[in-house]
Amino acid sequence: MPSNADKAYDAAAIEHRWQARWDNEGTNSFTLNELRTAARPFFNLMMFPYPSAEGLHVGNIYAFTGADVHGRFKRLQGYDVFEPIGFDAFGIHSENFALKIGAHPMRLIPANVQNFTRQLRRIGGMFDWDHTVDTTDPAYYKWTQWLFVQFFKSGLAEQKEAPVNWCPSCMTVLANEQVIVGACERCGAGVEQRFIRQWFFKITDYADRLLENLRHIDWSDTTRKAQWNWIGRSVGAELRFPVADDGADQTEVAVFTTRPDTVFGATYVVLAPEHPLVDAVTSDARRDEVEAYRERTQALDLVARKKVEKHKTGVFTGGYCINPATGKRVPVWIADYVLMGYGTGAIMAVPGHDERDFDFAQAFDLPITRVVAQAGEDASTPLTIAYEYPTGTLVNSGRYDGLQVDEAKEAIVADLAANRRAEAKVTYRLHDWCISRQRYWGPPIPIIHCDHCGAVPVPDEDLPVVLPFVEDFRPDESGISPLARVRDWYEVPCPECGRDATRETDVSDTFLDSSWYFLRYPSTDFDDQPFDAEITRRWLPVDTYIGGNEHAVLHLLYSRFIVMALHDMGWLHFEEPYDQFRAHGLIIREGAKMSKSKGNVIVPDPIIERYGADTFRLYLMFLGPFAEGGDYQDRGIAGPHGFLHRLWESVVPEDGDLPETAADPAVERKLHQTIKRVTEQVPALRYNTAIAAMMEYLNAARAGGRIPTRSEVEPLVCLVAPFAPHMAEELWQRLGHEGSIFDGANWPAYDPAKCVEQQARVAVQVNGRVRGTVSVPVGADRDTVVAEAMNEPNVARHLEGMDVRRVIHIPDRLLNLVVAQAAAVGG
RNA sequence: GCCGGGGUGGUGAAAUCGGUAUACACAGGGGACUUAAAAUCCCCCGGGAGCAUUCCCAUGCGGGUUCGAGUCCCGCCCCCGGCACCA
């Protein structure tokens, strides 16, 4: 006989018991053989966390729970769901934190990982703990380095000089995000720009394909749009402006423009201050001023430079170019509003038709010429602001006058191309991916520099290049990696010629670690290959990836690129990594963003302690639409908590047994309607309304204190299982089932015939205003409903003295009687 | 500035192929049970008028289309997120 205590809902006890059982019985983990043979594989991926010292925050739990609900739902439908988790533990984040508290990341990270693991288990995620990944484990980064070597061998990795943010006080390179209005976020010192030789992955080679596939992949629209904009494809032309007075040299300034039709209005040329031709075009008279300006620009960091300023700055170089269309001499200026990093780093300035050029021309009194006119304007209509619309008729453009903008674009490029002064060109906002970090906490880039052989990749058999333990990993003023101080590590013989050589001392970007982790998960059983061909074919691409939109453009774009390139190299059979991607929303608290400084961060552990993981999960999913996020209100947890209690009580009655009698027909109908709704809403990630539907159902089944029967509550246990897996397991067992509810396809089916109501409540409107409702058999025709409506006293009252002019009938929903004052009798 | 997503009760939010606005939940009020509390259960809960049947008003603001608009169209305002001198 079960005791009374045994009948109470003890969340903590139940959750611990089932978590232990899942571990012991391998409920959620796959053996290598199972991975090889799974009949209905479903790869349910979520974004692996960076294991911070603070532990999991609510945002993590929210994201993981939402993804876990999806995975559990699929599993209940009979899929073999693989749901791995791992740790993205390399990177500046970890390194800075370690520096701050004076600890070593090699000692810090394992403790963080352990704490995260404990928390992840506690929330009841369906994780396969036999297939985890830790990016800082040499067994993992061996293959990150292998990946680099593959890219190097394919010509997709190259070294070139690039500007970086340098903090002279911290003596380190900063990421753009670490620079706040020109100052270092940590010490406040002014940040400057340095040029350093770095490794790049040529993602721009893939820009068009990355863009093109966006059209058809099944991703959240917001994410696709973000990538679309980030890649930023612009179609235009490169025009060449010969430097004037240049003798036989024929130096040219190449500019990129999307508006070659406006070339007749190009009254000056602007180079980025860093442009390589600045020295050549600058006249001796202007040299000091030009140099001063360049120095001033360089002192600005990259971020401050990109801030739109109210007034433009720049200086005249004293040099001139020839406008290839007009043949006229135009002055060459340098200005920081022209960025070296985009297009050719030089522009033809068309102040009449570009707002920025217009501002600049006004500030420095440069000529403004109209070359496009719209209806009602002509060549002499003055311009008070730049006319930027991409339509109109050309004026002041010689023999092109009268052409439309689009025609002129083609004609002018074609004509200038004949003299090699132009060619059609596409430019991208997307840059090549700089993967070098002059830091310590990352995988060493597996390259050996040899004076004779150049950059030589570390041979596969010598991988991994283990990151050496360096007690003092603080960066120094040299701007080169801390590894450059570890002489006995970096001095090695060249793998090709055997002569003295040195290792690359930069480490790679964290985003490289995370660009392929999902490929590794199913293959962690192998240490002789990054991903097994057979297993990869079975499990990849990922079926569903759920994660935050903060990674919309970096991680998600990089991983697409990596997979596409690996596909081209012949390593993978697919070129898009994720069949379906869904972005989840952000969780806020009582209307405000959570932040440490505001002190309104939710610490999950005490809440789980008090209410249990099931309640916490259910509440998080109930807050609002998962894709949009929600507002966490401390008191609100009582709702879902009460619901779980009532469910428990209904399945495990305090006194007596669960009635085995037949279901009440009305309740049964509601049950089938509920199964239908939940089955439709869960895969659409509309968890909040799915939960509401379950609550509504349980309320109906318990209405007026009635005791639900077994057949009324048993399916509800399955419906709630993705959200409250521990309770579902416990109730499932108490209902007499053997084994886990998640083994076997236990998701209930609904009978469409049992969903339909017998009677419909039809709203009756008179002139669009509801005046009553009538109850009619489902499917009743218009005349029947009208007859019923006429009998409804309030409706009848509104029809007095009226003629019905029109009747609109929406079956089972609504009847609208359009009436007007009756014509007066004999009137 | 550009690109997303939003604006509905005291609060979180439902409802979007145009068809009874406010489901579900929190908070609040009243009641049952209880020595009491908790838990549970029942009732009320957008605003205004009214004893009431009922009527009027209400989905950020202003117009429009329609028998009918939270939903569609036009013009605005505000909030959140991202990008931002991209030529």
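Among the heavy atoms of the strands lying under 4.0 Å from A:Asn794 are primed sugar atoms or P, OP1, OP2 only; no base atom is included. At the heavy-atom level, A:Arg771 lies under 4.0 Å from the strands shown only through sugar-phosphate atoms. The residue A:Pro625 sits close only to the backbone: its heavy atoms come under 4.0 Å of sugar-phosphate atoms, none of a base. If you check every strand for non-hydrogen atoms under 4.0 Å, A:Gly591 touches nothing. Among the heavy atoms of the strands lying under 4.0 Å from A:Thr773 is at least one base atom, whether or not backbone atoms are also near. As judged by a 4.0 angstrom heavy-atom cut-off over every strand, A:Phe622 is placed among the base-contacting residues. At the heavy-atom level, A:Gln765 lies under 4.0 Å from base atoms of the strands shown. In this structure, A:His431 reaches neither bases nor backbone, as no heavy-atom distance under 4.0 Å exists between it and the strands shown. Residue-level contact check: A:Arg702 touches the backbone only, with heavy atoms under 4.0 Å from sugar-phosphate atoms and none from bases.
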Distances for protein N or O near nucleotides 8-11 of chain B N or O, under 3.5 Å:
unit_1: B:U11; atom_1: O2'; unit_2: A:Gln633; atom_2: OE1; d: 3.1
unit_1: B:U11; atom_1: O2'; unit_2: A:Gln633; atom_2: NE2; d: 2.4

Please produce a list of atom pairs where a protein N or O lies less than 3.5 Å from an N or O of nucleotides 1-5 of chain B.
unit_1: B:C3; atom_1: O2'; unit_2: A:Asn229; atom_2: ND2; d: 3.3

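Pairs passing the side chain to side chain donor-acceptor pair (under 3.5 Å) check and including a residue from residues 348-358 of chain A, sequence neighbours excluded, read A:Tyr337-A:Asp357, A:Asp354-A:Arg356. Annotation: side chain to side chain donor-acceptor pair (under 3.5 Å) contacts involving residues 762-780 of chain A, sequence neighbours excluded, comprise A:Gln759-A:Ser775, A:Arg771-A:His798. Sorted by first then second residue, the salt bridge (charged side-chain N to carboxylate O under 4.0 Å, His left out) pairs that include residues 422-431 of chain A, not counting sequence neighbours, are A:Glu238-A:Lys425, A:Arg240-A:Glu423.
Spacing between atom CZ of A:Arg805 and atom C1' of B:C67 amounts to 13 Å, rounded to whole angstrom units. Rounded to an integer number of Å, the gap from CZ of A:Arg797 to C1' of B:C55 is 8 Å. Whole-Å rounding puts the A:Ile808 CD1 to B:U20 P distance at 14 Å. Spacing between atom CZ of A:Arg589 and atom P of B:C26 amounts to 19 Å, rounded to whole angstrom units. One atom, CD of A:Glu550, and another, C1' of B:C83, lie 16 Å apart when rounded to the nearest Å.
Side-chain contact check for A:Tyr687 and A:Thr65: no donor-acceptor pair (N or O, by modelled atom type) lies under 3.5 Å. Using modelled atom types, one finds no donor on one side chain facing an acceptor on the other under 3.5 Å when comparing A:Asn549 with A:Ser220.
Separating the P atom of B:G1 from that of B:C45 is a span of 46 Å, rounded to the nearest Å. One P atom belongs to B:A84, the other to B:G9, and the distance between them is 36 Å to the nearest Å. Atom name C1', nucleotides B:C67 and B:G48: the rounded distance is 28 Å, in whole Å. Comparing B:A69 with B:U16, their C1' atoms are spaced 11 Å from each other, to the whole Å. Nucleotides B:A14 and B:C26 have their C1' atoms positioned 15 Å apart, rounded to a whole Å. Nucleotides B:C33 and B:C42 are separated by 16 Å at their P atoms, to the nearest Å. Nucleotides B:A13 and B:U22, compared at atom C1', are 10 Å apart to the nearest Å. Taking atom C1' on both B:G70 and B:G31, the two are 36 Å apart, rounded to the nearest angstrom.
Between B:U20, B:A25, B:C26, one nucleotide has an atom nearer to the side chain of A:Leu814 than all others, and that is B:U20. Of the candidate nucleotides B:U20, B:C67, B:C24, B:C24 has the atom lying nearest to any side-chain atom of A:Met695. Here B:C57 is the nucleotide among B:A87, B:C67, B:C57 with the atom lying nearest to any side-chain atom of A:Arg769.
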Query - Check against side-chain contact (heavy atoms from CB on, under 4.5 Å), A:Glu628 and A:Leu586 - result: CA-CA 7 Å; A:Glu628 283 157 42; A:Leu586 241 53; over 6 Å; no

Query raised in the report: Going through the distances and angles, do A:Ile607 and A:Tyr619 end up as a side-chain contact (heavy atoms from CB on, under 4.5 Å)?
Result: CA-CA 11 Å; A:Ile607 302 171; A:Tyr619 179 47; over 6 Å; no

Query - Test log, rule ring-ring contact (aromatic ring centres under 6.0 Å, His included), inputs A:Tyr611 and A:Phe616 - result: CA-CA 7 Å; A:Tyr611 295 97; A:Phe616 193 45; 8.9 Å; no

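At least one side-chain heavy atom of A:Tyr428 sits less than 4.5 Å from a side-chain heavy atom of A:Asp208.
Listed by chain and number, the residues in a side chain to side chain contact (heavy atoms under 4.5 Å, CB included) with A:Pro659 are A:Thr661, A:Ile707, A:Thr709 (sequence neighbours excluded). Shown here are the salt bridge (Lys or Arg N to Asp or Glu O under 4.0 Å) partners of A:Glu550, two or more places apart in sequence or in another chain: there are none. Residues forming a salt bridge (Lys or Arg N to Asp or Glu O under 4.0 Å) with A:Arg806 (at least two apart in sequence, or on another chain): none.
Each of A:Arg806 and A:Gly630 lies near RNA chain B, and the nucleotide nearest A:Gly630 is the one positioned closer to the 5' end.
For A:Arg686, a side-chain nitrogen or oxygen approaches OP1 or OP2 of B:A15 to under 4.0 Å. Residue A:Asn688 has a polar side-chain atom (N or O) positioned under 4.0 Å from OP1 or OP2 of B:A14.
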Tabulate below the donor-acceptor pairs under 3.5 Å that side-chain atoms of residues 691-703 of chain A make, not counting sequence neighbours, or state none.
unit_1: A:Glu696; atom_1: OE2; unit_2: A:Lys670; atom_2: NZ; d: 3.0
unit_1: A:Tyr697; atom_1: OH; unit_2: A:Glu712; atom_2: O; d: 2.5
unit_1: A:Asn699; atom_1: ND2; unit_2: A:Met695; atom_2: O; d: 3.4
unit_1: A:Arg702; atom_1: NH1; unit_2: A:Arg646; atom_2: O; d: 3.3
unit_1: A:Arg702; atom_1: NH1; unit_2: A:Ser650; atom_2: OG; d: 2.8

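Taking a 4.0 Å limit (strictly below) on heavy-atom distances, residues 641-652 of chain A reaches RNA chain B at A:Arg646.
For A:Glu410, the CD atom counts as loosely surrounded, since its 6.0 Å shell holds 12 or fewer non-hydrogen atoms of other residues, nucleotides or ligands.
With hydrogens and angles ignored, a donor-acceptor pair closer than 3.5 Å exists between the side chain of A:Lys312 and the base of B:C85.
Ring-plane geometry between A:Tyr62 and A:Phe626 is classed as tilted, the angle between the planes lying from 30 to 60 degrees on a 0 to 90 degree scale.
Here B:G9 is in the syn range [glycosidic angle within 90° of 0].
Judged by a 6.0 Å distance limit and a 45° cone about the ring axis, A:Arg560 is positioned over the six-membered ring of A:Trp219.
Aromatic ring centres of A:Phe364 and A:Trp333: separated by under 6.0 Å.
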Requested in this report: Could you encode protein contacts along nucleotides 70-75 of chain B as a string, one character per nucleotide from 5' to 3', using B for base contact, S for sugar-phosphate-only contact and - for no contact, with a heavy-atom cut-off of under 4.0 Å?
Outcome: ------

Query raised in the report: Using Watson-Crick and G-U wobble pairs whose two distances are both under 3.5 Å, how do you write the pairing of RNA chain B as dot-bracket, with | for links to another strand?
Result: (((((((..(((......[....))).(((((.......))))).((((....))))..(((((..]....))))))))))))....

